[in-house]
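Below is one structure, written out as structure tokens; comments come after it.
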Amino acid sequence: MERMAAPILTRADVTLDKADIAWLMICSALVFLMVISISMVYSGLGSRLFAITLFKQPLLTGAMISFQWYLWGYALTFTPGNTWFGSLSTANGLQMSPSDVYSTNQGSSVTTSEGPSVQHLPELAFALFQGMFAAFTAALICAGTMQKMHSARYLLFVSVWSAVIYSPIARWSWYSEGWSHQLGSMDFAGGTPVHIASGAAVAAMSIFYFFESNGWQRAYLHLSSVTKKRINENLPWAAAMWVKSWLFNTSPWLPEYKQTDIIPGRDYEVYDVNQAIFGTGLLWFGWFGFNGGSALGANSRAVSACLATHVAACTGGTTTVFLHWVLKQIYMRSADYEPREFRRLTAVHFCDGAIAGLVAITPGSGYVPVSTSAIFGIVSSFVVYMLKPLTSDYLPDDELKVFLIHTVSGFIGMFLTGCFASQEVVESDGFSILTTASVSERLGNQMKDAFAGLGYSFSGTIIILMIGRSIMFAVKWMRSDKTKKRAANAWSEANIFKFGTDGSPAIQDRLRARERHTWEDDAMEGGIPLRTPDNDRGPSPRQWNRME
């Protein structure tokens, strides 16, 4: 995405293209629709015990992060400073003038006879569009809180995460002073800042919760036994051990493993498939603004990005359905066939594949020809489908597979962008220039950016969670009588996440969704049903007061 900037200017002599402004405003609204869409996808695919929170939380998160973006997020990301942060004294989104102009350029040393290629936009429009990206990224992380974290605690966490994790990654990928951009990496619409970073954050939350709820020893034994079991079931390893035993007349070496029990309560049924499908369709629709708007104008590059986005999503969804059908036919003819492995509806697999294709094409939609966009959907959906059992073993608390669908597909997209980037596509907007580099150099730059985003987001999220737990421990310890027993209890009770005495998820909605339009009273939380067969009029005024 060509979002690099010269210093903020107030220039009345600059002519602005009204079509570009209108397109950017429309795309901003489409990206905001994605925040609402992710609410439907998460609540539809998640547990019914947490469906209401998953439905409301992305919108609440998007609103809070958007306001934070205009206070300091935009200044930290897109104003002069260093490769990590901008200056808070330079710009405030709420104080910008309608006459402020944002000048975009390629940020490279390549010039034409007229000078460097430059496009001008109203800075308010640019800040609005970028704010929607920050809001959507924060909304993606909501999946990591399912039955683990209260909404208020999550909002505090994601506020810090957006400022110290998202802003630096977005800056180094898109701003002219960012090290990754100066290196020559290509990320059109957020492969690293949005998808890799958010998926890594959810993975960090999942691992942190897994170790906290199970205890460090049981969690380590479980991961060790899973690894040994995977080694034994690995076909190349088994073949190598068979050859070794045949050549040297020895028994094949297989690591011994003992299956360990982890905390219960992780299996759940999909709440509402129809809602998930509708949310995926809205997400698909909004993605045209997500990728097409990243061209920052109504030009041929935006058209190419929109069509590439659509083709990748189509091939991703259909590839997953076809693969699911083929594997089912194969397993039905084997003695080890278990119908439970294929009991999930095909529509759920289609949603996963379509979203994986959308994620994969995101970094390359404005760089690669439409003719190669189908490769992004096919490869990403195939890898996501095949790695689901593996991620279920190692990330059992990432129930919605955010790391797999977003981070893994983001890596695939970054890699394939380096392979298929085209000068013709990049220059079709009239002001961008593709830096001259070999395919191997491009791939190296792409992977440096992707791995840097993964490592920074994962480690930064762990650090934020540890700091939060330390603060909670300090508060609990100060309120205790400071005996050794109380101090030890204070540390064990200072949890960012909440789980029961057996380690199982302990947070549920007060009003639990039973069916699509009915609610189930949760006596443990003191909830009041909105409507029941015996009470068609809903709660009384007294009950409403109790609920409020």
Next on the checklist: V368 vs V425, test: side-chain contact (heavy atoms from CB on, under 4.5 Å). Steps then yes/no.
Outcome noted: CA-CA 7 Å; V368 302; V425 176; over 6 Å; no

Checklist entry - If you measure from OG1 on T280 to CZ on F278, what distance do you get to the nearest 0.5 Å? => result 11.0 Å

Item to check | Interatomic spacing from OG in S380 to CZ in F376 - rounded to 0.5 Å | outcome: 9.5 Å

Checklist entry - Taking only residues two or more places apart in sequence, or in another chain, which ones meet F50 in a ring pair (Phe, Tyr, Trp, His ring centres under 6.0 Å)? => result none

Checklist entry - What are the two closest non-hydrogen atoms of W72 and A163, and how far apart are they? => result NE1-CB, 4.1 Å

Checklist entry - Is the shortest heavy-atom distance from the side chain of V383 to the side chain of V408 under 4.5 Å? => result yes

Checklist entry - Taking all atoms of both residues into account, what is the closest heavy-atom pair of I196 and T407, and its distance? => result O-OG1, 3.3 Å

Next on the checklist: Has R301 got a side-chain atom pairing as donor or acceptor with A295's backbone, closer than 3.5 angstrom?
Outcome noted: no

Next on the checklist: The test is side-chain contact (heavy atoms from CB on, under 4.5 Å); show your working for D352 and K388 and say whether it passes.
Outcome noted: CA-CA 11 Å; D352 290 343; K388 277 187 177 180; 2.5 Å; yes

Checklist entry - Who pairs with S392 by side-chain hydrogen bond (donor to acceptor under 3.5 Å, both in side chains), at least two apart in sequence or on another chain? => result K401

Next on the checklist: Donor-acceptor check, side chain of T461 to backbone of S457, threshold 3.5 angstrom: yes or no?
Outcome noted: yes

Checklist outcome for this item: On a heavy-atom basis, the closest approach of A356 and V384 is CB-CG2, 3.9 Å

Checklist entry - Of all residues at least two apart in sequence or in a different chain, which pass the side-chain hydrogen bond (donor to acceptor under 3.5 Å, both in side chains) check with T145? => result Q57

Next on the checklist: Checking W84 now: which residues fulfil ring pair (Phe, Tyr, Trp, His ring centres under 6.0 Å) with it, not counting sequence neighbours?
Outcome noted: W172, Y456

Checklist entry - So which pairs with a foot in residues 164-176 pass salt bridge (charged side-chain N to carboxylate O under 4.0 Å, His left out), sequence neighbours left out? => result R171-E177

Checklist entry - Are the aromatic ring centres of Y175 and H181 under 6.0 angstrom apart? => result no

Next on the checklist: Let me confirm one number: the CG-OG1 distance from D187 to T417, rounded to the nearest 0.5 Å.
Outcome noted: 7.5 Å

Checklist outcome for this item: Residues passing the side-chain contact (heavy atoms from CB on, under 4.5 Å) test with V402, sequence neighbours excluded, are Y42, A143, V202, D398, L400, H406

Next on the checklist: Within the 3.5 Å criterion, strictly below it, is a donor on S43 or Q275 matched to an acceptor on the partner's side chain?
Outcome noted: yes

Checklist entry - Going by atom types alone, do Y385 and H324 pair a side-chain donor with an acceptor below 3.5 Å? => result yes

Checklist entry - Mind checking what makes side-chain contact (heavy atoms from CB on, under 4.5 Å) contact with I464, not counting sequence neighbours? => result F157, V160, W161, V164, I165

Checklist entry - Residues in side-chain hydrogen bond (donor to acceptor under 3.5 Å, both in side chains) with T137, at least two apart? => result none

Item to check | T61 to A139 - nearest heavy-atom pair and separation | outcome: CG2-N, 4.1 Å

Checklist entry - Could you state the interatomic distance from NE2 (H310) to CD1 (I361), rounded to the nearest 0.5 Å? => result 13.0 Å

Checklist entry - Considering residues at least two apart in sequence or located in another chain, which fulfil the ring pair (Phe, Tyr, Trp, His ring centres under 6.0 Å) criterion with F211? => result W216

Checklist entry - Would N299 and W23 satisfy side-chain contact (heavy atoms from CB on, under 4.5 Å), going step by step from the backbone distance to the final call? => result CA-CA 10 Å; N299 50 55; W23 174 244; over 6 Å; no

Next on the checklist: Suppose we screen for side-chain contact (heavy atoms from CB on, under 4.5 Å). Which residues come up paired with I462, at least two apart in sequence or across chains?
Outcome noted: A204, F208, F458, M466

Next on the checklist: Nearest 0.5 angstrom please: S185 OG to L443 CG, how far?
Outcome noted: 12.5 Å

Checklist entry - Do H195 and M414 have side-chain heavy atoms sitting under 4.5 Å apart? => result no

Item to check | F78 and W174 aromatic ring geometry - parallel, tilted or perpendicular at 30°/60° bounds | outcome: parallel

Checklist entry - Is there a donor-acceptor pair under 3.5 Å between the side chain of E427 and the backbone N or O of L434? => result no

Checklist outcome for this item: Residues at least two apart in sequence or cross-chain that pass side-chain contact (heavy atoms from CB on, under 4.5 Å) with A29, listed by chain then number, are none

Checklist entry - Do T192 and D449 have a side chain donor and acceptor closer than 3.5 Å? => result yes

Checklist outcome for this item: Rounded to the nearest 0.5 angstrom, the CD1-CZ distance for I36 and F55 is 9.0 Å

Item to check | Side-chain heavy-atom pair T315, S381 within 4.5 angstrom cut-off | outcome: no

Item to check | Contacts of T362 that satisfy side-chain hydrogen bond (donor to acceptor under 3.5 Å, both in side chains) - sequence neighbours left out | outcome: W287

Item to check | Crowding at CE, M447 (>12 non-hydrogen neighbours, <6.0 Å) | outcome: yes

Item to check | Main-chain N/O of A298 paired to D20 side chain as donor or acceptor, under 3.5 Å | outcome: yes

Checklist entry - side-chain contact (heavy atoms from CB on, under 4.5 Å) between F403 and L454: does it pass, once the steps are laid out? => result CA-CA 10 Å; F403 176 81; L454 172 66; 4.1 Å; yes

Checklist entry - Can you check whether Y154 reaches C142 side chain to side chain, under 4.5 Å on heavy atoms? => result yes

Checklist entry - Is any side-chain heavy atom of L60 closer than 4.5 Å to a side-chain heavy atom of S151? => result no

Next on the checklist: Within the 4.5 Å heavy-atom criterion, are M146 and L54 side-chain neighbours or not?
Outcome noted: yes

Item to check | Between S173 and S180, a side-chain donor and acceptor under 3.5 Å | outcome: no

Item to check | Identified ring pair (Phe, Tyr, Trp, His ring centres under 6.0 Å) counterpart of F290 within the set F136, F32, F129 | outcome: F136

Checklist entry - Is any side-chain heavy atom of I207 closer than 4.5 Å to a side-chain heavy atom of Y394? => result no

Checklist entry - So, S159 versus Q68: side-chain donor-acceptor pair below 3.5 Å or not? => result yes

Next on the checklist: If I compare all heavy atoms of F420 with all of P369, which pair ends up nearest, and what's the gap?
Outcome noted: O-CD, 3.4 Å

Checklist entry - Can F411 and F451 be said to form a ring-ring contact (aromatic ring centres under 6.0 Å, His included), step by step? => result CA-CA 8 Å; F411 263 90; F451 277 106; 4.9 Å; yes

Checklist entry - Do side-chain atoms of N445 reach the backbone of L183 as a donor and acceptor pair under 3.5 angstrom? => result yes

Checklist entry - Around atom CZ of F85, are there more than 12 heavy atoms of other residues, nucleotides or ligands at under 6.0 Å? => result yes

Next on the checklist: For G292 versus C27, what's the shortest heavy-atom pair and its separation?
Outcome noted: C-SG, 4.3 Å

Next on the checklist: Looking at D397, is its backbone amide N or carbonyl O close enough to the side chain of K148 to form a donor-acceptor pair, meaning the two atoms are under 3.5 Å apart?
Outcome noted: yes

Next on the checklist: If you define the side chain from C-beta out and look only at heavy atoms, does anything of V359 sit under 4.5 Å from I355?
Outcome noted: yes

